[in-house]
There are 2 protein chains.
Amino acid sequence: MNNLRFATSLHILSLLALQDGELLSSEYIAGSININPAVVRKEISNLRDHGLIESKEGKGGGSTLAKPAGKIWLSDIYNAVRQAPILGRSNEPNPECIIGRQINKHLQVLYADAEDALVARLRKTQLSEFIKQFV
Amino acid sequence: MNNLRFATSLHILSLLALQDGELLSSEYIAGSININPAVVRKEISNLRDHGLIESKEGKGGGSTLAKPAGKIWLSDIYNAVRQAPILGRSNEPNPECIIGRQINKHLQVLYADAEDALVARLRKTQLSEFIKQFV
DNA sequence: CATACTGTAACAAAAATAATTACAGTACAA
DNA sequence: TTGTACTGTAATTATTTTTGTTACAGTATG
């Protein structure tokens, strides 16, 4: 998770939440985050796939939340941008070693547990709560 | 944290813990993990800096745990390999935007909270417990 | 029909990660 | 005291991941 996707997605969603229904263009959002509009559109595309955002094409188009900010939890955002296990990838160890043969199985369990703990924390905060900080 | 360092370090420490005081060479360890010995030595160097491993140079040298496996928690390993915030890096948003100006501050708090939750989980397991799974 | 958007792909650039090579330094043991 | 078998570390290269850029077809609006 050494990337910008969580930060970017949360930024996008925060802007939309504060906008309260108004469509925002990828250009505008990109200006706020200070990144390329195409990157924003890519991230929006992903958030849309996860049911967090709706978009309208064409002139005057843009994006808005797909549901109230009170029904979006930070864990939803995490799940939307998640790609690899939170503690990192695994090696492909030597199967002839007693440790090597088994460790990935145990790592997976551990990674899942650790990730559960993280997600449980994120599930405590709604987007609506998060944006209350911006006043 | 999209890398192999946690998995690699835990593998190294598991081998040492099961070896119970016997010195293990980086070559042997590398063979078990199936990676390059120099990478192992680099990782060992880091774990040594964090007080988890002791090494002996020269012929017949190698590495061993710096303390009993019961006094090493998985959170210690996490802290040893940690580099970036667990949820990823942050953008450098537009300071002229009300969100852009503040979001990194709030992200930092959130990242710290989330990381605390993760670390708390890792603090529950000792290396000695982890290796009991290898029988 | 001109305009202003989105959606997406293809490509390029940059950054992070891992592998490799090399070799000086150290300890043991014959 | 010398050969051997290790570690420690740096320098370099290779690979993979991540981000940025460009381009353009498709869509809605007025």
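Lettering follows sequence order; numbering is per chain, from 1. Note that the structure is predicted; figures quoted are calculated from it, not measured.
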Kindly give the atom pairs (protein nitrogen or oxygen, nucleotide nitrogen or oxygen) under 3.5 Å for nucleotides 28-30 of chain D.
{"from": "D:dA28", "atom 1": "N3", "to": "A:Lys59", "atom 2": "N", "distance (Å)": "3.3"}
{"from": "D:dT29", "atom 1": "OP1", "to": "A:Lys56", "atom 2": "NZ", "distance (Å)": "2.9"}

Can you name the atoms? Protein N/O to nucleotides 12-17 of chain D N/O, anything below 3.5 Å, with the distance.
{"from": "D:dT17", "atom 1": "O3'", "to": "B:Asn2", "atom 2": "ND2", "distance (Å)": "3.2"}

Protein-nucleotides 22-25 of chain D N/O pairs closer than 3.5 Å?
none

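Listed by first and then second residue, the ring-ring contact (aromatic ring centres under 6.0 Å, His included) pairs that reach into residues 92-130 of chain B are A:Phe134-B:His106, B:Phe130-B:Phe134, sequence neighbours excluded. Listed by first and then second residue, the side chain to side chain donor-acceptor pair (under 3.5 Å) pairs that reach into residues 59-69 of chain B are B:Ser55-B:Ser63, sequence neighbours excluded. Listed by first then second residue, pairs satisfying side chain to side chain donor-acceptor pair (under 3.5 Å) with a partner in residues 78-90 of chain A read A:Arg5-A:Gln83, A:Tyr78-A:Glu115, A:Arg82-A:Glu115, A:Arg89-B:Asn2, not counting sequence neighbours. The salt bridge (charged side-chain N to carboxylate O under 4.0 Å, His left out) analysis of residues 123-134 of chain A, with sequence neighbours excluded, yields the pairs A:Glu129-A:Lys132. Applying the salt bridge (charged side-chain N to carboxylate O under 4.0 Å, His left out) test to residues at least two apart or on different chains, none of the pairs has a partner in residues 8-31 of chain A.
Listed in residue order, the members of residues 10-23 of chain A having a heavy atom less than 4.0 Å from DNA chain C come to none. Contacts between residues 98-105 of chain B and DNA chain D, counted as heavy-atom distances below 4.0 Å, involve no residue at all.
With A:Asn34 contributing its side chain and B:Asn94 its backbone, the two residues share no donor-acceptor pair below 3.5 Å.
In this structure A:Thr8 satisfies the side-chain contact (heavy atoms from CB on, under 4.5 Å) test together with A:Leu4, A:Ile12, A:Ile33, A:Ile35, A:Glu43, B:Asn91, sequence neighbours excluded. With sequence neighbours left out, the ring pair (Phe, Tyr, Trp, His ring centres under 6.0 Å) criterion links A:Tyr28 to no other residue.
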